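Predicted model, so just to flag it, every value in this text is computed and none were measured. Order of the sequence lines sets the chain letters (A, B, ...), proteins ahead of strands, with each chain counted from 1.
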Amino acid sequence: MSYSDKVIDHYNNPRNVGSMDKSSADVGTGLVGAPECGDVMKLQIKVNPQTNVIEDAKFKTFGCGSAIASSSLATEWVKGKTVDQALEIKNTEIVKELALPPVKIHCSVLAEDAIRAAIGDWKKKQEATKPAAVQTVQ
Amino acid sequence: MRAVHFCSSCGKVQPPVPVDYFMFFGFTAKLDLDTASLEKEFYALSRRLHPDLFAQANPEERAFSLEQSSMLNDAYRTLKDPIKRTEYLLRLEGIELEEQSKQATEKARATGELKKQVVPPDLLEEVFELNMHLEELGAQKKLGEDDPALLEEIGKAKLSLEEKHDALLHDLKTEWKKWDETIDNGREVDRPKILATMLDLLNRRNYIRNLLRDVNEAVE
């Protein structure tokens, strides 16, 4: 099996590697894993609370080249999107963009999971702060 | 009931019939199987099915012996290994090990709910942390530095992982016994839960095995 040029490019020059403060209210963190290969992927998003736009995204992946490329691409794609738009990203689009072979489809699944998990974490934080905001208004 | 390898009246080798690996050896699909009798059966059948014995036989028999031998080897390799045996049984029961994560993702997408992670979050955290340590160690090695505290940290993690690995195998064997009981008492209703537990244990083990491999490579 050989990697596509796009996978190699993301692998050699991963975009948005790093981490953000996971305790921050604007940051959503998704930590996911693929049992098929034992890979683990962390993806974080920073969301503008007024516009719900994802202003920044970071990732750190321990796994194969396809997993790194999938998560790198995922951070590129979510940036500038609203959280609802980001939830529309499907693993099949990642497969297509990176020309992943069938045995590496689970890497793209992992990236979609990571996006969803990060957004889920952010939403949970938003809901947790809501009742407090209502109380101050009252 | 054992699969038929030879004709009962003329004694000639037969084409393999599509049976599962357990049946191939005449076993019921039990997991806590006696590896000594598996080995005995394997050697006994190998001696009778080996293609060399059919060098003078007609082409059809030669082909059958080749097919039977090949199935014999696959069946033996699969059943003698505790993990492969368990995975094989899960597949027989219709669980697609490679597809579980994708299926869960598709479900989450359709329902809009958060996907249930196949691997528990606490283990993921641990895996992630240890990988960070290993990467740090690799970076230090490149610089020719050595941080004893970091090495100690990794050493401790390695021990904890080895303990976890042993505990998982122990738990898996407990599930085997439960499974085998359902074969004896015919309680099929108990099976889905046992299968789910075995799947969970195998998933955890995958992570731990990969991590142990990485740790061993890093500290060498």
Please classify the contact of A:I105 with chain B as side chain, backbone, both or neither, using a heavy-atom distance under 4.5 Å.
side chain
Minimum heavy-atom separation for B:E135 to A:F62, with atom names?
OE2-CE2, 3.7 Å
Heavy-atom neighbours of A:K46 NZ exceed 12 at 6.0 Å:
no
Shortest non-hydrogen contact from B:Y207 toward A:D39
OH-O, 2.6 Å
Within the supplied structure, the quantity of interest is the number of heavy atoms (other residues, nucleotides, ligands) at a distance under 6.0 Å from A:D5 CG; does it exceed 12?
no
With a 4.5 angstrom heavy-atom cut-off, could you sort out which part of A:K123 is near chain B: side chain, backbone, both or neither?
neither
Can you establish whether the number of heavy atoms outside A:Y11 located under 6.0 Å from its atom OH is more than 12?
no
Among pairs that include at least one residue of residues 18-27 of chain A, which meet salt bridge (charged side-chain N to carboxylate O under 4.0 Å, His left out), considering only residues two or more places apart or in two chains?
A:K22-B:E125
Top contributor to chain A interface from B:R205, B:M132, B:R204 [non-hydrogen pairs under 4.5 Å]
B:M132
Sequence neighbours excluded, which residues qualify as side-chain hydrogen bond (donor to acceptor under 3.5 Å, both in side chains) partners of B:W176?
B:T86
Can you name the nearest heavy-atom pair linking B:N131 to A:V40, along with the distance?
ND2-CG1, 3.7 Å
